[in-house]
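In this text the structure is predicted, and so the values were computed from the model without any measurement. Computed from heavy atoms alone, side chains included, the values below leave out hydrogens, waters and symmetry copies. Counting convention: from 1, in listed order, for ligands and their atoms alike.
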Amino acid sequence: MIEFRVDDETRARIEATRELGRSEFRPAGLEADRNGAPLPPDHPFFARCLARGEGRTRWPGPGGGGEARKPPSIVTMLLLAEELAYWDRGVIIATPGPGLPETSVLSMGTEEQKERFLGPFLAPDKPRWACFAMTEPGAGSDAAAIRTTARKDADGWILNGAKCFIGSASRSDWILVQATLDPARGREAQRAFLVERDTPGLGGFKIEKKMGLKAYESTSFTLEDVRVPAANLLGGEARYERKAGFKAAMQTFNAGRPVIGANAVGMARAALDEALRFARETRLLDRDRVRDRIEAMARRVRKARLVCLRAAWLADQRRGNIVEASMAKALAAQVAQEATHLGLELVGIVGASGDNLIEKLYRDVKAMDIVEGTGQIQRMIIARNLVGLPR
Ligand SMILES: Cc1cc2nc3c(=O)[nH]c(=O)nc-3n(C[C@H](O)[C@H](O)[C@H](O)COP(=O)(O)OP(=O)(O)OC[C@H]3O[C@@H](n4cnc5c(N)ncnc54)[C@H](O)[C@@H]3O)c2cc1C
């Protein structure tokens, strides 16, 4: 029996998120979108995030001795992710914290690495960020094709290469950089390195222009003879023997797929609500054809929501969910694009003015189909698992 029952505490958290979304997240997202630039690190929004206790690590502290915080269920996390994205998905990613690579450091990092890299996020003295750098100008979907090299010498490692579209890279304290010992050996030669931001040779940071999600920076950078101590190899030399570098990267992606799906559902709901409000005000709802299209879209959004929740529920039961996680992301991202498309059609010329929420959502939502494995790649994963497509 599948059950998505929400307890009183979760309901209160979703309610609080809604209030925060309305008063903080949506205005910050609109501000960044209209300025066409990410929120700067010293923006008062980030100081307020910190004051509310956001931007912290899930790591409990040295020896597990810190304040033990029971992790919420994955279903709860999804419901919160949906609600947050309803208000502004770009702002969620802009929010300080150890971000995408935290899961890899928690599961694969040594105790010393957790203390050194997650420790500053226990009670941050200022907004702090970290990020995960896999994508390169010539390696996106095919993550095994990266060309950033890692060469070992007597003192540690020397990294050379270039990364692109990395979230929050220029403001991060450290970057989890995926590199290869030998590009010809594919995924088994990959290693993950914790590279501190002020390491010599790490530079050329350039914030990319993008069509949506402008609240957070997507940044390219280069690594030129970047010397990284042996102690910064994720998991240490012992893990290196077990060839776990690529696994670290895939773990980061697998954990995120249903969350991206939930984000997309939140954005689809926002577009539908806005379209409905407009259609009511302008009496478009008097037309059967318009009512039909909104009803059909609402059904599809609910379906996507249920698929996402099922993927999360399976994860909560510690059951395999690779197919469901990929279905959740592929379906929800597609439905969200359709919902914003419908919304834009309904608002017509008002949307074309470039100062309309649906027009912003239309631009924001495309990335949900790209990040953490494109829709095509999700469909390949599903096919591979269901009908045995070659690996
Ligand atoms: C907003 C945003 C934020 C991002 N943040 C990060 C980040 O923080 N860290 C990071 O490392 N990366 C990040 N990325 C990069 C993202 O992971 C890549 O864009 C994504 O993996 C796709 O790679 P690509 O853009 O090079 O497209 P490509 O891989 O070149 O794909 C182009 C098209 O071909 C299709 N395609 C590719 N291979 C196949 C195949 N075998 N079969 C069928 N179709 C295929 C794809 O589906 C796509 O439609 C971000 C991207 C965006 C847009």
Determine, for [X] against [Y], whether the closest basic-nitrogen to carboxylate-oxygen distance falls under 4.0 angstrom.
| X | Y | answer |
| --- | --- | --- |
| Glu295 | Arg299 | yes |
| Arg293 | Glu338 | no |
| Lys206 | Glu208 | yes |
| Arg291 | Asp288 | yes |
| Arg171 | Glu217 | yes |

inquiry  = Pairs of nitrogen or oxygen atoms closer than 3.5 Å, one from Ser218 and one from ligand 1: do any exist?
reply    =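 Such a contact does not occur with ligand 1.
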inquiry  = Would Gly373 count as a polar contact of ligand 1, with the cut-off being nitrogen or oxygen pairs under 3.5 Å?
reply    = no
Need the ligand 1 atom indices (1-based, order shown) with element for anything under 4.0 Å from a heavy-atom of [X].
| X | answer |
| --- | --- |
| Gln376 | 44 (N), 47 (O) |
| Phe132 | 7 (C), 8 (O), 9 (N), 10 (C), 11 (O) |
| Ile166 | 7 (C), 8 (O), 9 (N), 10 (C), 11 (O) |
| Val371 | 2 (C), 3 (C), 4 (C), 50 (C), 51 (C), 52 (C) |
| Gly167 | 7 (C), 8 (O) |
| Tyr216 | 1 (C), 2 (C), 3 (C) |

key: Selected option - heavy-atom contact closest to atom 36 (N) of ligand 1, from Cys131, Ala143, Ser141   = Ser141
key: From Ile93, Leu176, Thr135 - option closest to atom 17 (O) of ligand 1 by heavy atom   = Thr135
request  = Kindly indicate whether the side chain of Thr199, heavy atoms from C-beta on, has any atom under 4.5 Å from the side chain of Arg227.
outcome  = no
message = For Glu281 and Arg277: C-alpha separation, side-chain torsions, deciding distance, then whether salt bridge (charged side-chain N to carboxylate O under 4.0 Å, His left out) applies.
response = CA-CA 6 Å; Glu281 278 173 8; Arg277 191 187 60 77; 2.9 Å; yes
task = For residues Pro98 and Leu118, report the shortest heavy-atom separation together with the two atoms involved.
result = CB-CD2, 3.9 Å
task = Select one of side chain, backbone, both or neither to describe which atoms of Lys163 lie under 4.0 Å from any atom of ligand 1, heavy atoms only.
result = neither
